[in-house]
Asker: 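I'd like to ask some things about the structure below.
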Amino acid sequence: MAGSSLRRDFVTRPIYHMAKGVLPEMSDTEAEAIAAGDVWWDAALFTGDPDWSQFLDIPPAKLTPEERAFIDGPVEQLCAMLDDWKITWEERDLPAEAWDFIKRERFFGMIIPKEFGGLGFTPYAHSEVVRKISTRSVTAAVTVMVPNSLGPGELLLQFGTDEQKQHWLPRLADGREIPAFGLTSPEAGSDAAAMTDTGVVCEEERDGRKVLGLRLNWHKRYITLGPICTVLGLAVKVKDPEGLLGGDEDLGITVVLVPTDTKGVEIGRRHLPSMQAFQNGPNWGNDVFVPLDAILGGREQIGKGWMMLNAALAAGRGISLPSLSAAGAAMAARTTGAYARVRTQFRIPIGEFEGVQERLARIAANAYQLDAARRFTCAGLALGHHPSVVSAIMKNGATERMRIAANDAMDVHAGKAVIDGPKNYMGNFYRSVPVGITVEGANILTRSLIVFGQGAIRAHPFILKEMEALADEDTKRGLEAFDVAVWAHAGHILRTAKNAFVRSWSDGMLGPAPETGPTRRYYRKLSRYAASFALASDAALLTIGGSLKRREMLSARFGDILSELYMLCAVLKRWEEDGRQEADLPLVEWIMQDGFLTIERRMKEILDNFPSRPVAWLLQIFVLPFGVVRRGPSDRVTRQCARLIMEPSATRDRLTEDVYIGGGDDAVAELERALELVVETQPIRDRLKKLRIRDPKDAWDQGLISKADHERLLEADAAVAKVVAVDDFSPEELTGRAIPAGRAHAEAAE
């Protein structure tokens, strides 16, 4: 005790006062964002020494029989009702039968407990539903996912009063009420604190008596479901200039529930986001009076709106947008692989060209990784976590990989995906990509400010404890807490430095890893990179301090490493959960090698731009002694990954599970049929090739193939011609208010 007291008084105290003097001020919105939610596997990575046995023990996300039946039943039925071309270009909305079906089957109430009339689904079921619908129609997926994320159903569940839950949740679940949430305004996008929307505490006479409430004035835009909503969740800044609540004048950001038929509410005309037809638009409120019980959570929740929003955003960032992204990548893998197999140039499938194979492999790898990360994150949510940093990782990482998959798919499809019409299954997905990139926290700011900026405080084992000790107004108590935290932190740095040095110089060979067969070497590498990341993070926090948050390029690179570590872990977890499928190992290897290269490049960029050059030189000895040595995926594994999606196989089915295929003359169904026929008739074509016969008719005339074989070849050629065909329109059709279906001219299969 005496020793620790001497240490505290003579060693810790000067450090405490120095740190207190340089501790940067933190805005209320920053503090609330950091306080919202909790940490999960991101915290394990920040230790630099993740516990792999604990990792492998995380229960996988699974569907209940009831949830599986819903996906195979109502979700499949809804997809069959949707024609994305008509929705986007003709009707500019979902068909009336789809709206009725969505309400009747309680799609808007997936997250609402059964006691309130909802479906009571798990996060994974919510994700699976959104994912499957997304493979059919982005408009329908967004329509379904918004009420189940930033609702305000999610907010009501977490923060609503009993009365609010009893009133609103059953009505939201069965579609009697259509919700929307108004956060973004012209003055405030990512900077919510800049909003000018206000709620002034006042009294108004109602039925002969004075009622205490808020007079609201606002202007919101980009509000999904805003044009048709019946109840609007609003974020406003509450002020109490007359002191009616007996406190400060500025009470902070607050969430209010406003029925849209309230006097003074004005619903604007529709926006058209990247040509997507989901309902979206602006709204205004002019001197709208609501009683205090309209405040979500009641009077005691005044000023806690930013905390609420950050807590609830986990659903949108961690479930909805990653599900949509995973769907897009899976759809790209399913269709692009098939198209590359059936489309020929120079008498060979275009998927045999190595330039195309590079794109196919990346599409397949992104599809595998996105779905792995989605499932892993849902597993964390199922355990009761609300990890805000993980949600930011998923939002940014998933939507960026979706963008890459969309670009690659467009490049391989070429003109097929450029010419719009009912036969183009890629164009609308490609146009929708910027929506996911920009909403619920633009990716630029999510990457440069949130992932590492919040993670370094929230997920680090000691930084938040030290900051809380420094901020404690009781100096004695703060010093004692700081003394405990700072010396534990010092011990942590020494252990991490040792681990980073040993693991880096052995290239991970001396890093801990579980017995997982062929993937064990990847765990060793992750152990190495986690230790390097943790040590470099501490070096930056200690030498740059509070100004690190203003060095956004450095912060973004640290965030990239943390994101890669998380998503690579998810891939290894998926391989285990899928039963260690040997056929999927090329995908795992491609993802790992690509991820390791990204990590080393970002670490090199950090060292090259580190403000303190002596620290950078010393740090390099511990974290990157040989420089960037990874070379990314090999040509061999790239070719293997490309071929996995070019023909029917169990791996292809696992990669694209629950992608909606449709039937009849649906473009994707026609592509699947063409692929089956091309693969089925390939042995016949191989035989003709050996005989140097190009025309099947000549082979038939010479009696070299049977009539059935000849007819099968003609059937395959006709199916491919349908797939290769694109739509065209008359000038009169294109100058109309809506673009009709047009027609497609079949082209001879090459």
Side-chain angles (χ1 to χ4, degrees), residues 29 146-147 150-156 159-161 164 167-168 171-172 176-207 210-242 244-245 249-271 273 279-299 301-306 308-309 312 439:
T29 53
V146 166
L150 194 56
E154 175 83 5
L155 290 165
L156 279 163
F159 306 107
T161 65
Q164 288 170 341
H167 175 77
W168 289 112
R171 302 172 68 84
L172 291 170
R176 281 176 288 168
E177 303 283 357
I178 303 295
F181 194 89
L183 175 59
T184 304
S185 61
E187 299 81 10
S190 297
D191 181 12
M195 72 172 66
T196 58
D197 309 303
T198 60
V200 177
V201 180
C202 63
E203 291 181 323
E204 183 168 297
E205 192 166 309
R206 293 275 183 98
D207 299 325
K210 287 187 176 181
V211 176
L212 192 60
L214 299 176
R215 190 164 303 283
L216 305 171
N217 285 276
W218 76 84
H219 176 191
K220 302 291 186 181
R221 63 176 180 175
Y222 309 153
I223 310 306
T224 299
L225 299 186
I228 59 169
C229 71
T230 61
V231 57
L232 186 62
L234 283 174
V236 297
K237 285 184 174 179
V238 171
K239 299 178 180 295
D240 186 12
E242 299 179 27
L244 296 175
L245 298 181
E249 178 177 345
D250 294 321
L251 300 179
I253 297 173
T254 301
V255 177
V256 186
L257 297 176
V258 182
T260 54
D261 59 2
T262 305
K263 182 180 178 182
V265 176
E266 182 181 352
I267 301 297
R269 300 193 300 172
R270 288 177 61 181
H271 297 314
Q279 295 283 339
N280 186 280
N283 57 72
W284 298 264
N286 297 295
D287 291 333
V288 176
F289 180 83
V290 294
L292 284 186
D293 60 12
I295 296 170
L296 199 146
R299 178 172 171 172
Q301 295 296 334
I302 292 175
K304 298 180 181 178
W306 191 234
M308 291 182 180
L309 294 171
V439 298

Asker: Contact between W218 and N283 at the side-chain level, heavy atoms closer than 4.5 Å - yes or no?
Answerer: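 They are in side-chain contact.
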
Asker: Would you say the side chain of V211 lies within less than 4.5 Å of the side chain of E204, judging by non-hydrogen atoms?
Answerer: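 No, side chains not in contact.
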
Asker: Of all heavy-atom pairs between L225 and P147, which one has the smallest distance, and what is that distance?
Answerer: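 So the minimum-distance heavy-atom pair works out to CD1-CG, 3.7 Å.
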
Asker: Can you check side chain to side chain contact (heavy atoms under 4.5 Å, CB included) on V255 and F159, steps first, answer last?
Answerer: CA-CA 10 Å; V255 177; F159 306 107; over 6 Å; no

Asker: Are a donor atom and an acceptor atom from the side chains of D287 and N217 found within less than 3.5 Å of each other?
Answerer: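 On atom types as modelled, these side chains qualify, holding a pair under 3.5 Å.
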
Asker: Taking the side chain as C-beta and beyond, is there a heavy-atom pair between L234 and D197 under 4.5 Å?
Answerer: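 Counting from C-beta outward, L234 and D197 never come under 4.5 Å.
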
Asker: Taking all non-hydrogen atoms of both residues into account, name the closest pair between A235 and L183 and its distance.
Answerer: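 The pair with the smallest heavy-atom distance is CB-CD1, 3.7 Å.
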
Asker: Judged by atom type as modelled, is there a donor-acceptor pair below 3.5 Å linking the side chain of T254 to the main-chain atoms of G303?
Answerer: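 Yes; judged by distance alone, with no hydrogens or angles, the pair exists.
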
Asker: Let me confirm one number: the NZ-CG distance from K239 to D250, rounded to the nearest 0.5 Å.
Answerer: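 So the gap between those two atoms works out to 4.0 Å.
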
Asker: Grab the two heavy atoms, one from G268 and one from W284, that are nearest each other, plus how far apart they are.
Answerer: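 Reported closest heavy-atom pair: CA-CZ3, 3.4 Å.
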
Asker: How close do N280 and P273 get, counting heavy atoms only, and between which atoms?
Answerer: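 Heavy-atom minimum between the residues: CB-CG, 4.0 Å.
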
Asker: Looking only at non-hydrogen atoms, find the nearest pair between P282 and R269 and report the distance.
Answerer: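 In this case the closest contact between P282 and R269 is CD-O, 2.8 Å.
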
Asker: Would you give the length of the straight line joining atom CD of Q279 to atom CD1 of I223, rounded to the nearest 0.5 angstrom?
Answerer: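 Answer rounded to 0.5 Å: 13.5 Å.
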
Asker: Side chain to side chain contact (heavy atoms under 4.5 Å, CB included) between T230 and R171: does it pass, once the steps are laid out?
Answerer: CA-CA 11 Å; T230 61; R171 302 172 68 84; over 6 Å; no

Asker: I need the single residue from I228, I178, L232 that forms a side-chain contact (heavy atoms from CB on, under 4.5 Å) with T260. Which is it?
Answerer: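 The option that passes is L232.
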
Asker: Please check this pair: side chain of E242 against backbone of V201, looking for a donor-acceptor N/O pair closer than 3.5 Å.
Answerer: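 No, because the side chain of E242 does not come within donor-acceptor range (under 3.5 Å) of the backbone of V201.
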
Asker: With no hydrogens and no angle check, is any side-chain donor or acceptor of T262 less than 3.5 Å from a backbone partner on V265?
Answerer: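 It does not hold such a pair.
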
Asker: Supply the atom-to-atom distance I302 CD1 to L296 CG, rounded to the nearest 0.5 angstrom.
Answerer: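 Output value for this atom pair is 12.0 Å.
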
Asker: Return the set of residues passing ring-ring contact (aromatic ring centres under 6.0 Å, His included) with Y222 (not counting sequence neighbours), or none when no residue passes.
Answerer: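 Listed in chain order: H271.
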
Asker: Supply the atom-to-atom distance Q164 CD to L257 CG, rounded to the nearest 0.5 angstrom.
Answerer: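 Separation between the atoms: 6.0 Å.
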
Asker: Between T198 and T196, what is the shortest heavy-atom contact and its length?
Answerer: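 Closest approach of T198 to T196: CG2-O, 3.3 Å.
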
Asker: Going through the distances and angles, do D293 and T161 end up as a side chain to side chain contact (heavy atoms under 4.5 Å, CB included)?
Answerer: CA-CA 9 Å; D293 60 12; T161 65; over 6 Å; no

Asker: Decide yes or no for T184 and V439: does some side-chain heavy atom of the first lie under 4.5 Å from some side-chain heavy atom of the second?
Answerer: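 The answer is no, as the side chains (C-beta and beyond) never meet within the 4.5 Å cut-off.
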
Asker: After noting the C-alpha distance and the side-chain angles of K237 and I253, does the key distance pass the side chain to side chain contact (heavy atoms under 4.5 Å, CB included) rule?
Answerer: CA-CA 4 Å; K237 285 184 174 179; I253 297 173; 4.2 Å; yes

